[in-house]
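First comes the structure, then the notes that go with it.
Throughout, residue positions are numbered sequentially from 1 according to the sequence presented. Here the structure is a predicted model, which is why all the values come from computation and not from measurement. Start at 1 and go down the list; that is how both ligands and their atoms are numbered.
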Amino acid sequence: MTLTASIATICAITAATAIFCAVIFPFLLRQLGSHLLRRTAANRSLILKELGVSDHGCLVGFFHPYCNAGGGGERVLWAAIRAVQEKHPNVMSIVYTGDQDASKTEILSRVQTRFSITLDPDRIVFLYLSTRRYVAASTWPHFTLLGQSLGSLVLAWDAFNLLVPDVYIDTMGYAFTVALAKLLFGIPTAAYVHYPTISTDMLGSLPANAGLRTSLKRIYWGLFAELYKRCGKYADKVMVNSSWTANHVRQLWKREDVAVVFPPCAVTELLEKISGDKPRQKLLLCIAQFRPEKNHKLLIDAFAAFYKRTEKHRDARLVLVGSVRHDEDATRVYDLRIQARETGVKDQVDFVTDAPWSEVLDWLGKAWIGVNAMWNEHFGIGVVEYQAAGLISVVHNSGGPKLDIVVDVDGGRTGFHATTAEEFADAFEQALSLPEEEVNRVRQRARKSAQRFSEEVFEEGWLRAFDRLMEKAE
Ligand SMILES: *[C@@H]1O[C@H](CO)[C@@H](O)[C@H](O)[C@H]1NC(C)=O
Ligand SMILES: *[C@@H]1O[C@H](CO)[C@@H](O)[C@H](O)[C@H]1NC(C)=O
């Protein structure tokens, strides 16, 4: 074969591949999509009939295979559906779930007791998937990331065989399914991302000069990141649960239009039950499970350093409120008590274990400062509670407490950031020494800051994106 012939062959193959990827493959997928649409047409009219507005109803599919899990991700799902039910009477919410053992009544009553969210049973439909095992980590002992992602495609295929929705929303982080929905049906799509499937931190965490295994892993993760990146462009709307996730998703998906919609927290109760102008005691309150990463050790050291130096605040106390789940936690509390004795602040530190919520509320109502010492906590719902209760926060200078929660409001501080024991000690001294008007201003700003995490603000942010999708669907 001559050189020109080889070049011509290569060109022809490249062109053929390009045409296949750009034209034929999408065309085939759309054909497949139309086929599914026809196959599930009967289901569709059945559901629309139930809704009672057959001609102009809209079916919005929420992909949430673990909808009955009762965690933070589920709170977001249910609050989102409630908002949709309140604002859009013509929408039927379809939840694709793998919880085959739970009936609709059971799921809805759990939503009620667990989250106090009431949903209209006539405007929600559960479609049960039988292939959830494909997204279980245990199904893919090797290549878990890729396995689960491909598994999610099987699950989505299962879902679309039951019903093709008019709008598709992934609320569990299965980005591949968003791409599939778009390629098959060309419908409006959205993703609410709690956590990126692969993060740039992960890619950076591999040692530089390691052996073959690590090199292979690097290639695998790199390829996976590339695939994940491509999925990102198929979502019309992207929402994320925190600034941390937003930064990663922006980087990975190379898109700027990522909206931070904080998950709803129950701040209204605190704002209502705790009055803003009650006199407070010099209590430094820490509400956190007695887990090692919560870093109570650092707090006790910091408090000891502060107490050694302070002259004005000899009556300050550190109050550690938290649950003790098992023997290990109990041992940790024991060790912390010893630490308090050894650092000479035994009589100034209180341990309050497994207190009921009413008692926690009581502490929140009378403490001065709320502290959090954990490094790189993703969010920190406890810190939001400090703010709602009007405490001055002193938090670790990292993660969600720094980026999202203890930020300036109306140009003024809502608390302090610290890293070392010395810095925490300084912040305690400062927070307790602020002039009275300034203390009140900080407390007011903190309470205002907490409102950013309320259920109302979540609904606004969520509906802003959802309304756009509905416009596209029309
Ligand atoms: C929807 O249609 C499929 C057949 O395509 C059927 O197997 C399934 O049971 C139907 N589901 C509902 C909820 O009607
Ligand atoms: C976002 O989701 C991740 C993963 O579930 C969680 O660790 C983090 O706390 C969440 N952030 C907020 C603001 O709830």
With a 4.0 Å cut-off on heavy atoms, does P263 reach ligand 2? yes
Do the charged groups of K297 and D301 touch, with an N to O distance under 4.0 Å? no
Tell me which protein heavy atom sits closest to atom 11 (N) of ligand 2, plus the residue, atom name and distance to 0.1 Å. N241 ND2, 2.8 Å
Could you check whether D329 pairs with R332 (Lys NZ or Arg NE/NH1/NH2 to Asp/Glu carboxylate O, under 4.0 Å)? yes
Just to confirm my output: which protein heavy-atom neighbour is closest to atom 9 (O) of ligand 2, and how far is it? F379 CB, 3.5 Å
Could K294 and E377 be called an ion pair, given the rule that one side-chain N must be under 4.0 Å from one carboxylate O? yes
With atoms numbered from 1 as shown, which atoms in ligand 2 lie under 4.0 angstrom from a non-hydrogen atom of H194? 1 (C), 2 (O), 3 (C)
For Y168 and F160, take the angle between the two ring planes, folded into 0 to 90°, and tell me which bin it lands in: parallel under 30, tilted 30 to 60, perpendicular over 60. perpendicular
Atom 7 (O) of ligand 2: the protein heavy-atom neighbour that sits closest, reported with distance to 0.1 Å: H378 ND1, 3.4 Å
Please determine whether a side-chain nitrogen of the Lys or Arg among R452 and D404 lies less than 4.0 Å from a carboxylate oxygen of the Asp or Glu. no
